[in-house]
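Following: one structure in structure tokens, then a few remarks.
Only heavy atoms go into these numbers, but all of them, side chains included; no hydrogens, no water, no symmetry mates. No experiment lies behind these values; they were computed from the predicted model shown.
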Amino acid sequence: MVMISTLDRFLGSLLGSYMGFHYRQPEWPALHSDPLYTAWIKPPLLELQCTSNGYAPLPWLLYCYDNSTIRHHELAKHLEHLSVEAADPDAMTTLSTLYILGDSLEWLMQCPLSSQQALPQLLEYLQQQQVDYPSTLHGFALFGTPLASNLSKPDNAHSAALNVALEQSLNHRENLALALNSSMPRFTRTMLGCLLGAWGGISVIPTSWMLLLAPEVKQAITLLASQLYQSWAGISSAQGTLETFPLDL
């Protein structure tokens, strides 16, 4: 069984999200004009900022992937703030999605890619986690997947998109290109890249796609992953812990 480093999972998740977000575009855009990358670095990398598109908190979710207590606590604080003011349905939907996405990342990053029982185990884990979710989120169709008839169907676009992303990740774990398709909405593609990259690292990203990345894009996302890993691990350098990009030698 091939072991995948945490740093490689961070990089795979960020790259997968980036490529899912821009899938089917003629070329990967420059970072200075890229809304996804800008959302990751502004506000600060490890600060939770809940937005309606759900993209900005990804680095924070990865940073907290192994600590559901902190992750749920911070999300609940945002929920309390919403409850004090007027409950915005879009913001509530985003929060419910982040609960599920964070728990899915936690499970996938600690599960071998070769696991043959990934689907039932992940569904069981998510059902267990939702018992502790705030009751005010229960009306927002937190999770329901067409692969599990005993779970309720989602009734909002983000829940449905996340369900498809999970399903595709579990069914096409070997290659991001096989999991993506052009009919998916952007949110689904972005979450799919996030989940599959976190599970399989950069090995799931096609080499041909890697070669199309501009050097400055690859360097910037690699630096972002390294900074994230260093903060998570409490170290000053991440050298020697990152897998080599295909054909970089």
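Separating the OG1 atom in Thr93 from the CG atom in Leu162 is a distance of 12.0 Å, to the nearest 0.5 Å. Expressed to the nearest 0.5 Å, how far CG of Leu62 lies from OG of Ser13 amounts to 4.5 Å. Here the CE-SG distance, from Met19 to Cys194, works out to 14.5 Å after rounding to the nearest 0.5 Å. Interatomic distance, OH of Tyr37 versus NE2 of His22, reported as 12.0 Å (0.5 Å rounding). Atom-to-atom distance recorded for Thr190:OG1 and Leu58:CG is 9.5 Å, nearest 0.5 angstrom. The distance from atom CG of Leu113 to atom CG of Leu196, rounded to the nearest 0.5 Å, is 7.5 Å.
Between Tyr133 and Tyr99, the angle of the ring planes lies from 30° to 60°, which puts this pair in the tilted group. Ring geometry for Tyr23 versus Trp209: interplanar angle of 30 to 60°, hence tilted.
The six-membered or imidazole ring of Trp40 lies away from that of Tyr55, with a centre-to-centre distance of 6.0 Å or more. Close placement of the Trp232 and Tyr229 rings is indicated, their centers lying within 6.0 Å of each other.
Residues Leu166 and Leu192 are not in side-chain contact: their nearest non-hydrogen atoms beyond the backbone lie 4.5 Å or more apart. With a 4.5 Å cut-off on side-chain heavy atoms, Met210 and Ile205 count as touching. You'll find the side chain of Thr38 stays beyond 4.5 Å of the side chain of His32, heavy atoms only. Contact of the Gln168 side chain with the Leu178 side chain is not registered, since no non-hydrogen atoms from C-beta on lie closer than 4.5 Å. Under the 4.5 Å side-chain criterion, counting only non-hydrogen atoms from C-beta, Ile100 is in contact with Gln130. Within the 4.5 Å cutoff, the side chain of Met109 has no heavy atoms near those of the Asp66 side chain. When side chains are defined from C-beta on, Val164 does not count as touching Phe187, because their heavy atoms never get closer than 4.5 Å. The closest side-chain heavy-atom distance from Pro57 to Tyr63 is not below 4.5 Å.
Hydrophobic cluster membership differs between Tyr65 and Ile70, with clusters built from Ile, Leu, Val, Met, Phe, Trp and Tyr side chains linked at under 4.5 angstrom. There is a path of hydrophobic side-chain contacts, each under 4.5 Å, that joins Leu46 to Leu105. Cluster annotation: Leu223 is not connected to Leu15 through the hydrophobic network of ILVMFWY side chains, with a link wherever side-chain heavy atoms come within less than 4.5 Å. Ile235 and Leu228 fall within the same hydrophobic cluster, where Ile, Leu, Val, Met, Phe, Trp and Tyr residues are linked whenever their side-chain heavy atoms come under 4.5 Å apart, directly or through other members. Following chains of ILVMFWY side-chain contacts shorter than 4.5 Å, one can reach Leu14 starting from Leu212, so the two form part of one hydrophobic cluster.
When all heavy atoms are compared, the tightest approach of Leu170 to Ala118 is CD2-CB, 3.8 Å. Nearest heavy atom pair, residue Leu180 against residue Gly20, reads CD1-CA, 4.4 Å. Considering all non-hydrogen atoms of both residues, Leu31 and Ala220 come closest at CD1-CB, 3.0 Å. Taking each heavy atom of Gly200 and Ile4 in turn, the nearest pair found is O-CD1, 3.5 Å. Taking both residues in full, the closest heavy atoms of Ala39 and Ala56 are given as O-CB, 3.7 Å, listed atom of the first, atom of the second, then distance. Nearest heavy atoms, Leu176 versus Gly193: CD1-CA, 3.9 Å.
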Working note: Ser169 + Arg173, criterion side-chain contact (heavy atoms from CB on, under 4.5 Å); need CA distance, chi angles, decisive distance, verdict.
CA-CA 5 Å; Ser169 298; Arg173 66 188 76 187; over 6 Å; no

Given Leu195 and Leu101, is the side-chain contact (heavy atoms from CB on, under 4.5 Å) satisfied, shown in steps?
CA-CA 8 Å; Leu195 292 164; Leu101 179 59; 3.7 Å; yes

Test log, rule side-chain contact (heavy atoms from CB on, under 4.5 Å), inputs Val217 and Ile221:
CA-CA 6 Å; Val217 173; Ile221 296 180; 4.0 Å; yes

Walk me through it: do Leu61 and Glu106 pass the test side-chain contact (heavy atoms from CB on, under 4.5 Å)?
CA-CA 9 Å; Leu61 289 176; Glu106 177 175 10; over 6 Å; no

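In terms of modelled atom types and a separation under 3.5 Å, the side chain of Arg9 and the main chain of Trp199 share a donor-acceptor contact. Not one N or O on the side chain of Thr188 forms a donor-acceptor pair closer than 3.5 Å with the backbone of Met184. Side-chain N or O atoms of Ser33 include one that pairs as donor or acceptor with a backbone N or O of Ala30 at under 3.5 Å.
Checked for salt-bridge contact, Lys77 and Glu74 meet the test: a charged N lies under 4.0 Å from a carboxylate O.
With hydrogens and angles left out, the side-chain atoms of Gln49 and Glu47 include a donor and acceptor closer than 3.5 Å.
Within a 6.0 Å sphere centred on CD of Glu27, other residues, nucleotides and ligands contribute 12 heavy atoms or fewer.
Annotation: cation-pi geometry not satisfied between Arg189 and Phe21 (NZ/CZ under 6.0 angstrom from ring centroid, within 45° of ring axis).
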